[in-house]
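Provided herewith is a single structure, encoded as structure tokens, for subsequent inquiry.
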Amino acid sequence: MLINHDTRCALNAVVELLNTAPEGPEGPASDTLTDLAALRRFVESADLSDVGALGERDLAAVRDVRNQFAQVFAAVDTRSAAELLNALVAEAGTTPRLTDHDGYDWHVHYFAPGASVAEHLAADGGMALAFLVVAGERERLRRCEAPDCGRAFVDLSRNRSRRYCDGRTCGNRLHVAAYRARRREAAD
């Protein structure tokens, strides 16, 4: 699947935002998006452009967008995901426009000039997720299969076979545990 730089950045921002929330019974223990300082760190880490001053309203609105993205990832079918994305993108008031900022070639931003950080995330992230749905690739929106994780990720592997948020941590840990279990079983 061919994904341009801008769509990849928006997908990364969606995943990073989702992973600020506690997920599942044994997932991350606490919400890491709890105050304005955490929101500022997220905005910097996700490299969001055109974000002005942040306030408490922004924090609440971004947390709401995060919940809407979580619903898209958890949608039971494509129609449900599409309905959620349509509502999210419409609410953000998308305004597609061409831009060439920060040394990047021409690309499309879907958020309106002067949009809040939540509208920015909803518009650009919602459109990036919509592109996956349109391409018939919704199954690429995943949660880590490690029993103690549950982090979100977008599987961009060629054969859609990625199961863990990070193969070096979650995947490796489970493979080592399975290897040790086989060794114990063989020894018995």
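Sequential numbering from 1 along the given sequence is applied to the chain's residues.
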Inset, instruction - To the nearest 0.5 angstrom, please state how far the OH atom of Tyr110 sits from the CG atom of Leu121. - result: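 These two atoms lie 15.5 Å from each other.
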Legend entry - Whether Asn19 side chain and Arg151 backbone form a donor-acceptor pair below 3.5 Å: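 No: the side chain of Asn19 does not pair with the backbone of Arg151.
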Inset, instruction - Could you pull out the closest heavy-atom pair between Ala152 and Phe73, with the gap in Å? - result: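 That would be CB-CE2, 3.9 Å.
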Legend entry - From Asp124 atom CG to Leu129 atom CG, the distance as rounded to the nearest 0.5 Å: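 These two atoms lie 11.0 Å from each other.
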Legend entry - Side-chain donor/acceptor of Thr32 to backbone N/O of Thr20, under 3.5 Å: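 Confirmed, Thr32 side chain pairs with Thr20 backbone.
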Please set out all donor-acceptor pairs under 3.5 angstrom arising from side-chain atoms of residues 87-98, sequence neighbours excluded.
{"unit_1": "Thr95", "atom_1": "OG1", "unit_2": "Gly93", "atom_2": "O", "d": "3.3"}
{"unit_1": "Arg97", "atom_1": "NE", "unit_2": "Phe111", "atom_2": "O", "d": "3.4"}

Inset, instruction - Pick out which of Val62, Asp58, Val117 makes a side-chain contact (heavy atoms from CB on, under 4.5 Å) with Val43. - result: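 Looking at Val62, Asp58, Val117, the match for Val43 under the side-chain contact (heavy atoms from CB on, under 4.5 Å) is Val117.
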Inset, instruction - Give a yes or no on whether Val72 and Leu156 share a hydrophobic cluster (residues Ile, Leu, Val, Met, Phe, Trp, Tyr; joining criterion: side-chain heavy atoms under 4.5 Å apart). - result: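 Shared cluster, yes.
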Legend entry - Distance (rounded to the nearest 0.5 Å) between Leu36 CG and Arg41 CZ: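 With rounding to 0.5 Å, CG (Leu36) is 10.5 Å from CZ (Arg41).
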Inset, instruction - State whether the side chain of Arg160 and the backbone N or O of Glu139 hold a donor-acceptor pair below 3.5 Å, judged by distance alone. - result: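 No.
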Inset, instruction - Return yes if a side-chain donor-acceptor contact under 3.5 Å exists between Thr78 and Arg138, otherwise no. - result: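 On atom types as modelled, these side chains qualify, holding a pair under 3.5 Å.
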Inset, instruction - Find the distance between CZ (Arg162) and CZ (Arg142) and round it off to the nearest 0.5 Å. - result: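 CZ of Arg142 is found 9.0 Å from CZ of Arg162.
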Legend entry - hydrophobic_cluster_shared for Leu17 and Phe153, side chain cutoff 4.5 Å: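 No: no chain of side-chain contacts under 4.5 Å links Phe153 to Leu17.
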Inset, instruction - Could you give me the CA-CA distance, side-chain angles and deciding distance for Leu18 and Arg143, then say whether side-chain contact (heavy atoms from CB on, under 4.5 Å) is met? - result: CA-CA 10 Å; Leu18 283 170; Arg143 293 284 182 173; 4.1 Å; yes
Inset, instruction - Would you tell me whether Asn67 and Gln71 have side-chain atoms, one donor and one acceptor, within less than 3.5 Å of each other? - result: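 Note: Asn67 and Gln71 side chains miss the donor-acceptor criterion.
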Inset, instruction - Check the surroundings of atom CG in Asp100: do more than 12 heavy atoms from other residues, nucleotides or ligands lie under 6.0 Å from it? - result: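 Yes.
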Inset, instruction - May I ask you to check whether Asp31 and Thr34 show a side-chain donor-acceptor distance below 3.5 Å? - result: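 There is no such pair (donor and acceptor under 3.5 Å, judged by atom type) between the side chains of Asp31 and Thr34.
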Legend entry - Any donor-acceptor N/O pair, His109 side chain to His120 backbone, under 3.5 Å: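 Between the backbone of His120 and the side chain of His109 there is no qualifying donor-acceptor contact (under 3.5 Å).
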Inset, instruction - List the atom of Leu84, the atom of Ala75, and the distance in Å for their closest heavy-atom pair. - result: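 Reported closest heavy-atom pair: CD1-CB, 4.3 Å.
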Legend entry - Leu132 CG to Ile3 CD1 distance, which is reported to the nearest 0.5 Å: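 Output value for this atom pair is 5.5 Å.
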Legend entry - CG on Leu54 to CG on Leu39, rounded to 0.5 Å: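 So the gap between those two atoms works out to 5.0 Å.
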Inset, instruction - Output yes when a side-chain donor or acceptor of Arg140 lies under 3.5 Å from a complementary backbone atom of Val154, and no otherwise. - result: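 No; judged by distance alone, with no hydrogens or angles, the pair does not exist.
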